Novice: 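Okay, handing you the structure first.
The structure presented is a predicted model; accordingly, all values stated were derived computationally and were not measured.
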Amino acid sequence: MRKTFLVISFTLLTFTGILIYVNWKFSFILLILIPLILMGLYDMYFSDRTIRRNFPLLGRLRYILSAIGPEMRQYFIETDTEGKPFNRLQRDIVYHRSKKEVDTIPFGTQLDVYKDGYEWINHSIRSISFSDIEKNPKVRIGSSQCEKPYDASLFNISAMSFGSLSKNAILALNNGAKQGGFYHNTGEGGLSPYHLQGGDVVWNIGTGYFSCRNNDGTFNVDQYEKRAILDNVKMVEIKFSQGAKPGHGGILPKEKVTDEIAAIRLVEKGNDIVSPPTHSAFTNPLELMDFIKLLRTKSGGKPVGMKICIGNKSEFISICKAMVETKTYFDFITVDGGEGGTGAAPQEYSDHVGMPLRDAVAFVHDCLKGFGIKDQIKIIASGKVVTGFDIIRCLSLGADLCNSARGMMFALGCIQALECHANTCPTGVATQNLNLMKGLIPEDKSIRVARFQHETVKSAMDLMASAGLAHPDDVTRDAVTTRIDRNNVETFAQTFPELESGSLLHEETVPKEFLYFWKKAKVEQF
């Protein structure tokens with residue numbers, strides 16, 4: 001191909017020369033031809049890419065087509081049910097609800113109802129009239145040790161940091177939360193002024209202790225107290241891990257680290273901000289209990305919870321044992337599924353680390369019930385929750401309420417361009433590029449966030465009414481059925497049999513499927 005390129009180049013130059021000799025007006029061809037030939041010669045002799053060296057100029061098309069591949073597939077190739085991580089049907093329902101457009105569909109489902117994994121709600125012949133159910137139920141979060149319990153909505157904004165998201169995106173989310181009466185989780189990137197626009201806030205504190213850290217990265221209790229007592233901060237969440245990259249720590253590329261972000265996070269500018277994989281404020285479950293007490297006291301008695309993607313089962317059981325032994329309880333536990341998303345994560349972590357949400361929610365619920373402490377602690381499910389059915393599925397497994405991150409991003413206008421890590425988000429959602437974020441108008445998008453949340457909760461409550469259930473607390477594992485194979489189906493009650501209350505308190509009553517992990521769990525170590 002190299003020889004071919006040279007022959008073609010020489011031929012075109014010769015032919016152009018003849019044309020110019022006949023009429024000098026053909027000189028404009030050289031303005032196009034010479035730059036292309038120079039690019040090809042550069043590819044042949046100076047490029048560090050084999051394709052370009054072997055296929056001068058033409059090889060560049062490979063990288064151009066590869067770069068626009070996601071867009072080509074999304075707009076011209078994939079069907080309504082094939083897109084990843086979210087297919088077109090899932091994205092469209094968010095767009096329609098956020099814009100208050102018709103969200104009904106014609107001609108029946110496009111899903112294969114006989115495919116393994118297909119799920120449905122078991123409706124009732126004793127369904128309840130939609131007018132007789134609470135359209136926006138609240139879930140009270142606060143253990144017996146909590147002085148300021150919080151009444152949370154059924155559906156809220158999951159953890160997304162300022163820095164990962166733009167200023168305008170955070171402003172829109174917080175104002176949307178204010179309008180709709182639900183909470184906005186800050187993400188581990190710290191508590192910014194844009195989180196304090198009047199919406200209820202859950203302050204997520206990760207291993208980097210952003211907004212409450214010393215110069216060496218350790219926890220600073222004075223900085224914590226100054227922010228935790230703010231009226232907008234309703235709850236505090238200790239982040240152990242997130243679904244997209246559990247055990248890895250958060251990542252904010254240096255391209256996104258502005259002077260403002262560095263000041264908010266209490267870090268230095270000019271480097272990637274990588275959270276440590278583990279906490280330094282405590283080293284074992286018993287020390288964690290002391291940390292819970294400290295956070296609750298210094299916040300003025302607000303609910304304190306944890307966010308975790310389940311990995312080693314014994315480690316979570318060890319936390320449950322410590323809660324029972326010390327009689328110190330989390331007020332809530334946010335369970336993030338391994339399918340959770342993020343702006344930047346190694347592919348292996350996104351694909352192969354962390355327990356998926358369904359298994360994790362069932363496991364956490366059964367552990368809390370088995371240790372007899374479920375009545376103290378609410379479970380929040382997070383991981384690809386964008387529809388009313390997604391909420392019901394999580395409630396059926398044992399959750400009390402749900403969070404959504406990417407669903408809220410779609411409501412902001414995200415088109416799943418998959419450029420969150422590159423600071424080039426075309427919709428201004430996941431970027432610090434001022435020119436790009438200008439296109440996102442917080443006043444407009446906040447309305448869409450509030451609409452999406454309202455319509456999704458309404459959808460969930462309508463589904464409950466169809467199943468004869470009046471309140472989220474009434475949703476049990478009998479509510480949802482899954483196709484195991486073409487000829488067999490199971491309810492979640494069959495797939496995830498519930499433990500007896502208190503069955504994990506004593507070794508002799510521990511079910512055999514929990515016994516190995518129960519014995520391995522120690523309160524002195526994770």
Novice: Between R140 and D400, is there a salt bridge with N-O shorter than 4.0 Å?
Specialist: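 R140 and D400: not salt-bridged.
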Novice: Check each of I484, D485, T482 against D116 using the side-chain contact (heavy atoms from CB on, under 4.5 Å) test, and report the only one that passes.
Specialist: D485
Novice: Are D366 and K369 close enough for a salt bridge, meaning some N to O gap below 4.0 Å?
Specialist: no
Novice: Taking atom types as modelled, find out whether T495 and E490 have a side-chain donor-acceptor pair closer than 3.5 angstrom.
Specialist: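 Judged by distance alone, the side chains do pair up.
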Novice: Does E119 pair with R483 as a salt bridge, N-O distance under 4.0 Å?
Specialist: no
Novice: Tell me yes or no: between the side chains of S503 and T509, is some donor less than 3.5 Å from an acceptor?
Specialist: no
Novice: Take I238 and F330 through the test side-chain contact (heavy atoms from CB on, under 4.5 Å) and record every step on the way to the result.
Specialist: CA-CA 10 Å; I238 307 169; F330 279 113; 4.1 Å; yes
Novice: Please check this pair: side chain of N312 against backbone of S314, looking for a donor-acceptor N/O pair closer than 3.5 Å.
Specialist: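 Between the backbone of S314 and the side chain of N312 there is no qualifying donor-acceptor contact (under 3.5 Å).
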Novice: Taking N174 as the fixed residue, which of H195, Q197, H184 is the one that meets the side-chain hydrogen bond (donor to acceptor under 3.5 Å, both in side chains) rule?
Specialist: H184
Novice: If only atom types and distance count, is the side chain of S153 paired as donor or acceptor with the main-chain N or O of N156 below 3.5 Å?
Specialist: no
Novice: Can you check whether Y183 reaches L401 side chain to side chain, under 4.5 Å on heavy atoms?
Specialist: yes
Novice: Between R296 and D331, does at least one N-O distance fall below 4.0 Å, as a salt bridge requires?
Specialist: yes
Novice: Of all the heavy-atom pairs spanning Q494 and V489, show the shortest one and how long it is.
Specialist: OE1-O, 4.3 Å
Novice: I'd like to check S241 versus K307 (side-chain heavy atoms, cut-off strictly below 4.5 Å). Are they in contact?
Specialist: no
Novice: Ignoring hydrogens and angles, state whether a donor on the side chain of E237 or T334 is under 3.5 Å from an acceptor on the partner side chain.
Specialist: yes
